[in-house]
Amino acid sequence: MTWACWRQELRRIGWVGLYGPLAAVALGAVFSVGAALLHMGGQINGIQRGMLDFLWLSAGLSAAALAGEDRALELQLSLPTPFRVTVGRRLTIALVWLAVVAAALAGYLAVSGRDLRIGAWNEQLAWLAPCAVMAAVGALARVILRSSPASFGLIGVVWIFFEILPPSMARLALVRPWLLRYPIVLASPEGWYLNRALLVGIALAAALGAHLALGRPDRLLEGDA
Amino acid sequence: MTAAPALLGAVRYEFLMQIRRRGLWLVMGAATAVIATFFAINPGGPPAGTGPWSDAASLLSGTMAYFLPLAFGVMMSDRVPRERRLHTTEVLESLPTRPAVRLWGKLLGAGAATAVPLAVGYLLLIALWMALFRGPAAVLAAALVVLAAVTLPGLAFVAGWTLLTTELLSAAVFSVLFVGYWFWGNFMPPQKMPTISCSIVQPAGDWAAKGLFDTRRGLAGDCNGFHTLTTAQGWLGIGVLLAGALVAVLAAQIVAGLRAARR
(Lines give C-alpha, C1' and ligand atoms only; values in the text may rest on other atoms or scores of the structure.)
Protein backbone atom coordinates (compact mmCIF):
# COMPACT_ATOMS: atom_id res chain seq x y z
CA MET A 1 0.00 0.00 0.00
CA THR A 2 2.74 2.44 1.03
CA TRP A 3 4.82 1.51 -2.00
CA ALA A 4 1.77 2.13 -4.21
CA CYS A 5 1.38 5.59 -2.63
CA TRP A 6 4.99 6.45 -3.37
CA ARG A 7 4.61 5.24 -6.95
CA GLN A 8 1.48 7.35 -7.33
CA GLU A 9 3.31 10.44 -6.07
CA LEU A 10 6.21 9.70 -8.39
CA ARG A 11 3.74 10.02 -11.25
CA ARG A 12 2.34 13.25 -9.77
CA ILE A 13 5.57 15.26 -9.59
CA GLY A 14 5.02 16.40 -13.17
CA TRP A 15 7.27 18.08 -15.68
CA VAL A 16 8.63 20.72 -13.33
CA GLY A 17 9.76 18.26 -10.66
CA LEU A 18 11.08 15.70 -13.09
CA TYR A 19 12.67 17.81 -15.81
CA GLY A 20 13.41 21.06 -13.94
CA PRO A 21 16.77 19.86 -12.52
CA LEU A 22 17.72 18.24 -15.82
CA ALA A 23 16.79 21.42 -17.71
CA ALA A 24 19.21 23.40 -15.50
CA VAL A 25 22.02 21.00 -16.41
CA ALA A 26 21.03 20.91 -20.09
CA LEU A 27 21.00 24.72 -20.28
CA GLY A 28 24.47 24.85 -18.77
CA ALA A 29 25.66 22.36 -21.38
CA VAL A 30 24.05 24.34 -24.23
CA PHE A 31 25.56 27.62 -23.05
CA SER A 32 28.96 25.98 -22.59
CA VAL A 33 28.86 24.81 -26.20
CA GLY A 34 27.65 28.27 -27.28
CA ALA A 35 30.48 29.94 -25.37
CA ALA A 36 33.03 27.58 -26.94
CA LEU A 37 31.67 28.28 -30.42
CA LEU A 38 31.75 32.05 -29.81
CA HIS A 39 35.37 31.87 -28.60
CA MET A 40 34.34 32.65 -25.02
CA GLY A 41 35.97 29.48 -23.69
CA GLY A 42 37.29 31.30 -20.63
CA GLN A 43 33.72 31.64 -19.36
CA ILE A 44 32.86 27.93 -19.43
CA ASN A 45 33.95 27.30 -15.82
CA GLY A 46 31.68 30.09 -14.59
CA ILE A 47 28.76 28.90 -16.73
CA GLN A 48 29.03 25.34 -15.45
CA ARG A 49 29.35 26.43 -11.83
CA GLY A 50 26.26 28.60 -12.40
CA MET A 51 24.21 25.48 -13.14
CA LEU A 52 24.04 24.87 -9.38
CA ASP A 53 22.33 28.24 -8.93
CA PHE A 54 19.63 27.15 -11.37
CA LEU A 55 19.11 24.06 -9.26
CA TRP A 56 18.23 26.30 -6.26
CA LEU A 57 15.68 27.99 -8.46
CA SER A 58 14.41 24.63 -9.62
CA ALA A 59 14.04 23.48 -5.99
CA GLY A 60 11.96 26.54 -5.09
CA LEU A 61 9.74 26.34 -8.15
CA SER A 62 9.23 22.57 -7.84
CA ALA A 63 8.16 22.92 -4.23
CA ALA A 64 5.88 25.84 -5.11
CA ALA A 65 4.32 23.76 -7.90
CA LEU A 66 3.78 20.64 -5.83
CA ALA A 67 2.79 21.83 -2.35
CA GLY A 68 -0.97 22.00 -2.58
CA GLU A 69 -1.38 21.04 -6.22
CA ASP A 70 -4.21 18.55 -6.40
CA ARG A 71 -7.18 18.62 -8.73
CA ALA A 72 -9.31 16.41 -6.48
CA LEU A 73 -8.39 18.25 -3.31
CA GLU A 74 -11.76 17.85 -1.61
CA LEU A 75 -11.67 14.12 -2.25
CA GLN A 76 -8.06 14.01 -1.08
CA LEU A 77 -8.97 15.75 2.17
CA SER A 78 -11.70 13.19 2.86
CA LEU A 79 -9.18 10.31 2.87
CA PRO A 80 -7.71 8.90 6.10
CA THR A 81 -4.19 9.86 4.99
CA PRO A 82 -3.57 13.51 5.93
CA PHE A 83 -3.01 15.70 2.88
CA ARG A 84 0.31 16.93 4.23
CA VAL A 85 1.59 13.34 4.24
CA THR A 86 0.68 13.06 0.56
CA VAL A 87 2.35 16.41 -0.23
CA GLY A 88 5.34 15.37 1.88
CA ARG A 89 5.80 12.20 -0.19
CA ARG A 90 5.51 14.18 -3.42
CA LEU A 91 8.00 16.82 -2.32
CA THR A 92 10.39 14.18 -0.98
CA ILE A 93 10.49 12.42 -4.35
CA ALA A 94 10.99 15.67 -6.29
CA LEU A 95 13.67 16.99 -3.92
CA VAL A 96 15.55 13.70 -3.62
CA TRP A 97 15.68 13.59 -7.41
CA LEU A 98 16.94 17.17 -7.47
CA ALA A 99 19.53 16.33 -4.81
CA VAL A 100 20.77 13.39 -6.88
CA VAL A 101 21.21 15.66 -9.90
CA ALA A 102 22.88 18.38 -7.80
CA ALA A 103 25.26 15.93 -6.08
CA ALA A 104 26.19 14.45 -9.45
CA LEU A 105 26.77 17.93 -10.86
CA ALA A 106 28.92 18.93 -7.87
CA GLY A 107 30.87 15.67 -8.37
CA TYR A 108 31.32 16.45 -12.06
CA LEU A 109 32.58 19.96 -11.26
CA ALA A 110 35.10 18.49 -8.78
CA VAL A 111 36.32 15.82 -11.21
CA SER A 112 36.62 18.28 -14.09
CA GLY A 113 38.51 20.79 -11.92
CA ARG A 114 35.76 23.40 -12.25
CA ASP A 115 34.73 23.33 -8.59
CA LEU A 116 35.41 26.11 -6.09
CA ARG A 117 38.30 24.13 -4.48
CA ILE A 118 36.65 24.25 -1.07
CA GLY A 119 36.65 20.53 -0.29
CA ALA A 120 34.15 17.80 -1.11
CA TRP A 121 31.95 18.37 1.98
CA ASN A 122 31.75 22.14 1.45
CA GLU A 123 31.02 21.62 -2.25
CA GLN A 124 27.93 19.66 -1.28
CA LEU A 125 26.94 22.25 1.34
CA ALA A 126 27.23 24.92 -1.37
CA TRP A 127 24.09 23.60 -3.08
CA LEU A 128 22.38 21.76 -0.24
CA ALA A 129 21.60 24.73 2.03
CA PRO A 130 20.29 27.08 -0.71
CA CYS A 131 18.21 24.27 -2.24
CA ALA A 132 16.71 23.50 1.17
CA VAL A 133 15.82 27.10 1.89
CA MET A 134 14.38 27.77 -1.56
CA ALA A 135 12.32 24.57 -1.51
CA ALA A 136 10.92 25.25 1.96
CA VAL A 137 10.13 28.88 1.15
CA GLY A 138 8.53 27.79 -2.15
CA ALA A 139 6.30 25.28 -0.34
CA LEU A 140 5.36 27.79 2.35
CA ALA A 141 4.61 30.51 -0.22
CA ARG A 142 2.37 28.13 -2.14
CA VAL A 143 0.42 27.09 0.92
CA ILE A 144 0.07 30.62 2.29
CA LEU A 145 -0.67 32.39 -1.01
CA ARG A 146 -2.78 29.49 -2.35
CA SER A 147 -1.73 30.48 -5.85
CA SER A 148 0.96 28.84 -7.92
CA PRO A 149 1.72 31.92 -10.11
CA ALA A 150 2.06 34.12 -7.02
CA SER A 151 4.41 31.66 -5.34
CA PHE A 152 6.43 31.25 -8.56
CA GLY A 153 6.70 35.04 -8.81
CA LEU A 154 7.87 35.31 -5.21
CA ILE A 155 10.51 32.59 -5.65
CA GLY A 156 11.68 34.20 -8.91
CA VAL A 157 12.05 37.63 -7.28
CA VAL A 158 13.93 36.20 -4.26
CA TRP A 159 16.26 34.16 -6.47
CA ILE A 160 17.06 37.07 -8.78
CA PHE A 161 17.61 39.35 -5.77
CA PHE A 162 20.36 37.08 -4.47
CA GLU A 163 21.78 36.37 -7.93
CA ILE A 164 22.32 40.02 -8.86
CA LEU A 165 23.27 41.36 -5.45
CA PRO A 166 26.28 43.60 -6.11
CA PRO A 167 29.43 42.73 -4.08
CA SER A 168 29.28 46.09 -2.29
CA MET A 169 25.88 45.15 -0.90
CA ALA A 170 26.72 41.49 -0.28
CA ARG A 171 29.53 42.61 2.05
CA LEU A 172 27.17 44.51 4.37
CA ALA A 173 26.80 43.00 7.84
CA LEU A 174 23.04 43.23 7.47
CA VAL A 175 23.01 41.19 4.27
CA ARG A 176 26.01 38.86 4.53
CA PRO A 177 24.60 36.21 6.91
CA TRP A 178 21.63 35.59 4.59
CA LEU A 179 23.55 35.10 1.34
CA LEU A 180 22.71 32.00 -0.66
CA ARG A 181 26.17 32.10 -2.23
CA TYR A 182 28.34 32.87 0.78
CA PRO A 183 32.04 33.43 0.06
CA ILE A 184 33.92 30.78 2.01
CA VAL A 185 37.30 31.56 3.57
CA LEU A 186 39.03 28.22 4.10
CA ALA A 187 41.42 29.61 6.72
CA SER A 188 38.50 30.67 8.95
CA PRO A 189 35.31 28.96 7.77
CA GLU A 190 33.19 29.86 10.83
CA GLY A 191 31.18 32.44 8.89
CA TRP A 192 30.48 29.90 6.17
CA TYR A 193 29.20 27.27 8.61
CA LEU A 194 27.14 29.87 10.46
CA ASN A 195 25.60 30.98 7.17
CA ARG A 196 24.82 27.39 6.15
CA ALA A 197 23.30 26.70 9.59
CA LEU A 198 21.18 29.85 9.33
CA LEU A 199 19.90 28.84 5.89
CA VAL A 200 19.05 25.35 7.11
CA GLY A 201 17.32 26.90 10.14
CA ILE A 202 15.22 29.11 7.86
CA ALA A 203 14.42 26.07 5.74
CA LEU A 204 13.27 24.10 8.81
CA ALA A 205 11.14 27.00 10.06
CA ALA A 206 9.54 27.47 6.64
CA ALA A 207 8.96 23.72 6.28
CA LEU A 208 7.32 23.64 9.70
CA GLY A 209 5.11 26.58 8.70
CA ALA A 210 4.10 24.78 5.49
CA HIS A 211 3.45 21.58 7.46
CA LEU A 212 1.13 23.39 9.87
CA ALA A 213 -0.67 25.30 7.11
CA LEU A 214 -1.20 22.09 5.13
CA GLY A 215 -3.11 20.74 8.09
CA ARG A 216 -5.81 23.40 7.71
CA PRO A 217 -8.34 22.13 5.12
CA ASP A 218 -10.40 25.31 5.41
CA ARG A 219 -7.44 27.35 4.13
CA LEU A 220 -6.47 24.84 1.47
CA LEU A 221 -9.88 24.94 -0.15
CA GLU A 222 -9.85 28.72 -0.60
CA GLY A 223 -8.18 28.70 -4.01
CA ASP A 224 -6.98 31.63 -6.09
CA ALA A 225 -8.99 32.90 -9.12
CA MET B 1 -22.39 39.66 -31.56
CA THR B 2 -19.98 42.18 -33.09
CA ALA B 3 -16.39 42.11 -31.95
CA ALA B 4 -16.29 45.47 -30.11
CA PRO B 5 -18.88 44.81 -27.36
CA ALA B 6 -17.53 41.27 -26.93
CA LEU B 7 -14.00 42.62 -26.60
CA LEU B 8 -15.10 45.22 -24.08
CA GLY B 9 -16.88 42.54 -22.07
CA ALA B 10 -13.83 40.26 -22.14
CA VAL B 11 -11.51 43.12 -21.16
CA ARG B 12 -13.79 44.13 -18.28
CA TYR B 13 -14.13 40.56 -16.98
CA GLU B 14 -10.41 39.78 -17.22
CA PHE B 15 -9.48 43.10 -15.61
CA LEU B 16 -11.77 42.63 -12.64
CA MET B 17 -10.84 39.00 -12.15
CA GLN B 18 -7.12 39.74 -12.18
CA ILE B 19 -7.08 42.90 -10.10
CA ARG B 20 -8.96 41.20 -7.27
CA ARG B 21 -6.33 38.51 -6.85
CA ARG B 22 -4.68 38.80 -3.47
CA GLY B 23 -1.55 37.03 -4.74
CA LEU B 24 -1.02 39.67 -7.43
CA TRP B 25 -0.81 42.47 -4.87
CA LEU B 26 1.33 40.41 -2.51
CA VAL B 27 3.88 39.51 -5.17
CA MET B 28 4.07 43.02 -6.58
CA GLY B 29 4.34 44.34 -3.03
CA ALA B 30 7.18 41.93 -2.30
CA ALA B 31 8.97 42.95 -5.50
CA THR B 32 8.56 46.65 -4.63
CA ALA B 33 9.92 45.95 -1.15
CA VAL B 34 12.93 44.19 -2.68
CA ILE B 35 13.68 47.23 -4.85
CA ALA B 36 13.23 49.58 -1.89
CA THR B 37 15.64 47.35 0.06
CA PHE B 38 18.16 47.63 -2.74
CA PHE B 39 18.09 51.40 -2.52
CA ALA B 40 17.94 51.46 1.26
CA ILE B 41 20.99 49.26 1.88
CA ASN B 42 23.07 50.06 -1.18
CA PRO B 43 26.29 51.71 0.06
CA GLY B 44 26.25 53.79 -3.13
CA GLY B 45 22.88 55.09 -1.96
CA PRO B 46 19.86 55.86 -4.06
CA PRO B 47 20.34 58.06 -7.12
CA ALA B 48 21.56 61.45 -6.00
CA GLY B 49 19.16 64.34 -5.94
CA THR B 50 21.04 66.28 -8.56
CA GLY B 51 21.20 66.17 -12.32
CA PRO B 52 18.44 65.72 -14.87
CA TRP B 53 15.26 64.37 -13.28
CA SER B 54 14.90 61.80 -16.01
CA ASP B 55 18.15 60.21 -14.69
CA ALA B 56 16.60 59.50 -11.31
CA ALA B 57 13.33 58.32 -12.82
CA SER B 58 15.16 56.16 -15.34
CA LEU B 59 17.42 54.58 -12.72
CA LEU B 60 14.45 53.77 -10.50
CA SER B 61 12.51 52.49 -13.47
CA GLY B 62 15.55 50.51 -14.59
CA THR B 63 15.87 48.79 -11.24
CA MET B 64 12.15 48.16 -11.17
CA ALA B 65 12.25 46.77 -14.70
CA TYR B 66 14.47 43.95 -13.47
CA PHE B 67 11.96 42.65 -10.91
CA LEU B 68 8.39 43.75 -11.50
CA PRO B 69 7.97 42.47 -15.10
CA LEU B 70 9.11 39.07 -13.82
CA ALA B 71 6.20 39.05 -11.39
CA PHE B 72 4.01 40.50 -14.18
CA GLY B 73 4.76 37.62 -16.58
CA VAL B 74 4.31 34.92 -13.96
CA MET B 75 1.00 36.39 -12.77
CA MET B 76 -0.24 36.47 -16.38
CA SER B 77 0.80 32.88 -16.97
CA ASP B 78 -2.31 31.11 -15.72
CA ARG B 79 -4.88 33.16 -17.63
CA VAL B 80 -4.95 30.88 -20.69
CA PRO B 81 -4.29 27.50 -18.97
CA ARG B 82 -7.00 28.33 -16.41
CA GLU B 83 -9.72 27.74 -18.99
CA ARG B 84 -8.20 24.39 -19.91
CA ARG B 85 -7.84 23.47 -16.23
CA LEU B 86 -11.44 24.33 -15.38
CA HIS B 87 -12.73 22.78 -18.64
CA THR B 88 -14.59 25.96 -19.53
CA THR B 89 -13.02 26.24 -22.99
CA GLU B 90 -15.76 24.17 -24.63
CA VAL B 91 -18.48 26.30 -23.03
CA LEU B 92 -16.79 29.51 -24.15
CA GLU B 93 -16.41 28.15 -27.67
CA SER B 94 -20.13 27.50 -27.87
CA LEU B 95 -20.66 31.27 -27.59
CA PRO B 96 -20.65 33.54 -30.68
CA THR B 97 -17.41 35.25 -29.53
CA ARG B 98 -14.33 34.17 -31.45
CA PRO B 99 -11.25 32.85 -29.56
CA ALA B 100 -9.21 35.81 -30.86
CA VAL B 101 -11.52 38.27 -29.09
CA ARG B 102 -11.12 36.41 -25.80
CA LEU B 103 -7.37 36.36 -26.28
CA TRP B 104 -7.21 40.12 -26.85
CA GLY B 105 -9.50 40.53 -23.86
CA LYS B 106 -6.97 38.64 -21.74
CA LEU B 107 -4.06 40.68 -23.10
CA LEU B 108 -5.71 44.05 -22.53
CA GLY B 109 -7.78 43.28 -19.42
CA ALA B 110 -5.49 40.99 -17.42
CA GLY B 111 -2.42 42.90 -18.69
CA ALA B 112 -3.81 46.26 -17.53
CA ALA B 113 -4.88 44.81 -14.18
CA THR B 114 -1.45 43.25 -13.60
CA ALA B 115 0.20 46.55 -14.51
CA VAL B 116 -1.83 48.48 -11.90
CA PRO B 117 0.01 47.21 -8.77
CA LEU B 118 3.26 47.50 -10.71
CA ALA B 119 2.56 51.18 -11.46
CA VAL B 120 1.46 51.73 -7.85
CA GLY B 121 4.74 50.20 -6.61
CA TYR B 122 6.74 52.33 -9.02
CA LEU B 123 4.98 55.53 -8.01
CA LEU B 124 5.48 54.65 -4.33
CA LEU B 125 9.20 54.29 -4.95
CA ILE B 126 9.28 57.62 -6.78
CA ALA B 127 7.33 59.25 -3.94
CA LEU B 128 9.81 57.81 -1.44
CA TRP B 129 12.70 59.15 -3.50
CA MET B 130 11.05 62.59 -3.77
CA ALA B 131 10.48 62.68 -0.02
CA LEU B 132 14.09 61.69 0.72
CA PHE B 133 15.68 64.17 -1.68
CA ARG B 134 13.00 66.85 -1.72
CA GLY B 135 12.65 66.32 -5.45
CA PRO B 136 10.34 68.65 -7.37
CA ALA B 137 7.13 67.59 -9.08
CA ALA B 138 9.14 67.35 -12.32
CA VAL B 139 10.43 63.98 -11.08
CA LEU B 140 6.91 62.58 -11.05
CA ALA B 141 6.30 63.79 -14.60
CA ALA B 142 9.64 62.30 -15.68
CA ALA B 143 8.72 59.04 -13.93
CA LEU B 144 5.49 58.77 -15.88
CA VAL B 145 7.29 59.45 -19.18
CA VAL B 146 9.92 56.83 -18.37
CA LEU B 147 7.24 54.35 -17.32
CA ALA B 148 5.46 54.81 -20.66
CA ALA B 149 8.61 54.73 -22.81
CA VAL B 150 10.73 52.11 -21.06
CA THR B 151 8.55 49.86 -18.96
CA LEU B 152 5.25 49.55 -20.81
CA PRO B 153 6.69 48.27 -24.13
CA GLY B 154 8.56 45.60 -22.16
CA LEU B 155 5.37 44.62 -20.35
CA ALA B 156 3.50 44.37 -23.66
CA PHE B 157 6.29 42.14 -24.98
CA VAL B 158 6.13 39.93 -21.88
CA ALA B 159 2.32 39.76 -21.96
CA GLY B 160 2.21 38.79 -25.63
CA TRP B 161 4.79 36.05 -25.31
CA THR B 162 3.23 34.78 -22.09
CA LEU B 163 -0.11 34.30 -23.84
CA LEU B 164 1.53 32.53 -26.77
CA THR B 165 3.71 30.28 -24.64
CA THR B 166 0.94 29.30 -22.26
CA GLU B 167 -1.21 28.28 -25.22
CA LEU B 168 1.43 25.56 -25.67
CA LEU B 169 2.79 24.90 -22.15
CA SER B 170 1.40 24.62 -18.65
CA ALA B 171 1.70 27.65 -16.36
CA ALA B 172 4.21 25.83 -14.13
CA VAL B 173 6.55 24.87 -16.97
CA PHE B 174 6.24 28.36 -18.42
CA SER B 175 7.15 29.93 -15.06
CA VAL B 176 10.31 27.85 -14.72
CA LEU B 177 11.41 28.77 -18.24
CA PHE B 178 10.39 32.40 -17.84
CA VAL B 179 12.37 33.02 -14.63
CA GLY B 180 15.45 31.45 -16.25
CA TYR B 181 14.90 33.46 -19.43
CA TRP B 182 14.42 36.68 -17.47
CA PHE B 183 17.73 36.23 -15.69
CA TRP B 184 19.59 35.13 -18.81
CA GLY B 185 18.05 37.74 -21.13
CA ASN B 186 18.39 40.75 -18.83
CA PHE B 187 21.18 40.25 -16.32
CA MET B 188 23.80 38.13 -17.98
CA PRO B 189 26.53 40.37 -19.40
CA PRO B 190 27.26 39.46 -23.03
CA GLN B 191 30.94 39.29 -22.13
CA LYS B 192 30.23 36.27 -19.91
CA MET B 193 27.76 34.17 -21.85
CA PRO B 194 25.89 34.11 -25.18
CA THR B 195 22.77 36.13 -24.31
CA ILE B 196 20.19 38.59 -25.64
CA SER B 197 21.04 40.94 -22.77
CA CYS B 198 22.04 44.40 -24.12
CA SER B 199 20.47 43.52 -27.46
CA ILE B 200 17.44 45.22 -28.99
CA VAL B 201 15.11 42.43 -27.82
CA GLN B 202 16.12 42.75 -24.17
CA PRO B 203 12.68 43.09 -22.57
CA ALA B 204 13.81 45.26 -19.64
CA GLY B 205 14.01 48.12 -22.15
CA ASP B 206 17.66 49.17 -21.96
CA TRP B 207 17.63 50.40 -25.54
CA ALA B 208 14.81 52.87 -24.88
CA ALA B 209 16.40 53.99 -21.60
CA LYS B 210 19.86 54.53 -23.10
CA GLY B 211 18.68 55.85 -26.45
CA LEU B 212 16.01 58.25 -25.21
CA PHE B 213 17.29 59.19 -21.76
CA ASP B 214 21.01 58.53 -22.13
CA THR B 215 21.27 57.06 -18.69
CA ARG B 216 23.21 54.36 -16.90
CA ARG B 217 20.63 51.89 -15.73
CA GLY B 218 20.17 48.79 -13.73
CA LEU B 219 22.15 46.61 -11.42
CA ALA B 220 23.67 43.90 -13.55
CA GLY B 221 24.00 42.93 -17.18
CA ASP B 222 26.25 45.94 -17.49
CA CYS B 223 26.05 47.24 -21.05
CA ASN B 224 28.05 50.38 -20.34
CA GLY B 225 30.79 50.64 -22.87
CA PHE B 226 29.30 47.74 -24.76
CA HIS B 227 27.46 50.05 -27.09
CA THR B 228 26.24 53.61 -27.28
CA LEU B 229 22.77 54.30 -28.58
CA THR B 230 21.16 57.15 -30.47
CA THR B 231 17.66 58.52 -29.96
CA ALA B 232 16.54 56.77 -33.13
CA GLN B 233 17.82 53.47 -31.74
CA GLY B 234 15.88 54.16 -28.55
CA TRP B 235 12.66 54.51 -30.57
CA LEU B 236 13.63 51.43 -32.57
CA GLY B 237 13.97 49.48 -29.31
CA ILE B 238 10.41 50.45 -28.34
CA GLY B 239 9.15 49.57 -31.82
CA VAL B 240 10.80 46.15 -31.79
CA LEU B 241 9.33 45.24 -28.39
CA LEU B 242 5.84 46.34 -29.46
CA ALA B 243 6.16 44.54 -32.80
CA GLY B 244 7.37 41.43 -30.93
CA ALA B 245 4.29 41.63 -28.69
CA LEU B 246 2.01 41.93 -31.71
CA VAL B 247 3.65 38.97 -33.48
CA ALA B 248 3.27 36.86 -30.33
CA VAL B 249 -0.41 37.71 -29.88
CA LEU B 250 -1.14 37.04 -33.55
CA ALA B 251 0.65 33.69 -33.27
CA ALA B 252 -1.31 32.91 -30.08
CA GLN B 253 -4.48 33.80 -31.99
CA ILE B 254 -3.57 31.27 -34.68
CA VAL B 255 -2.80 28.58 -32.09
CA ALA B 256 -6.09 29.25 -30.24
CA GLY B 257 -7.95 29.11 -33.56
CA LEU B 258 -6.32 25.81 -34.48
CA ARG B 259 -7.14 24.36 -31.06
CA ALA B 260 -10.77 25.41 -31.45
CA ALA B 261 -10.96 23.96 -34.97
CA ARG B 262 -9.57 20.61 -33.78
CA ARG B 263 -12.28 20.22 -31.16
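Chain letters run A, B, ... following the sequence lines, proteins first and then strands; every chain starts at 1.
Closest non-hydrogen pair, B/Gly180 versus A/Leu57, comes out as N-CD2, 4.4 Å. Of all heavy-atom pairs between A/Leu154 and B/Ala30, the closest is CD1-CB, 3.4 Å.
You'll find the side chain of B/Met76 stays beyond 4.5 Å of the side chain of A/Pro149, heavy atoms only. Taking the side chain as every heavy atom from C-beta outward, B/Phe183 and A/Glu163 approach each other to under 4.5 Å.
Between A/Phe161 and B/Phe67, the ring planes lie tilted relative to each other; the angle falls in the 30° to 60° range.
Under the side-chain contact (heavy atoms from CB on, under 4.5 Å) test applied with A/Phe152, the options B/Leu70, B/Val176, B/Val74, B/Asp78 reduce to a single match, B/Val74.
The environment of CD in A/Gln8 is crowded: more than 12 heavy-atom neighbours from other residues, nucleotides or ligands sit within 6.0 Å.
Along residues 152-167 of chain B, no residue comes nearer than 4.5 angstrom to chain A, judged on non-hydrogen atoms. Listed by sequence position, A/Leu174, A/Val175 are the residues of residues 174-185 of chain A in contact with chain B, using a 4.5 angstrom heavy-atom cutoff.
Between B/Met75 atom CE and A/Ser147 atom OG the span is 4.5 Å, to the nearest 0.5 Å. Between A/Leu145 atom CG and B/Leu24 atom CG the span is 11.5 Å, to the nearest 0.5 Å.
At a 4.5 Å heavy-atom cutoff, the contact between A/Leu38 and chain B is made by side-chain atoms alone. Neither the backbone nor the side chain of A/Ile155 comes within less than 4.5 Å of any heavy atom in chain B.
Options B/Gly73, B/Ala71, B/Ser175 differ in how many heavy-atom pairs under 4.5 Å they form with chain A, and the most are formed by B/Ser175.
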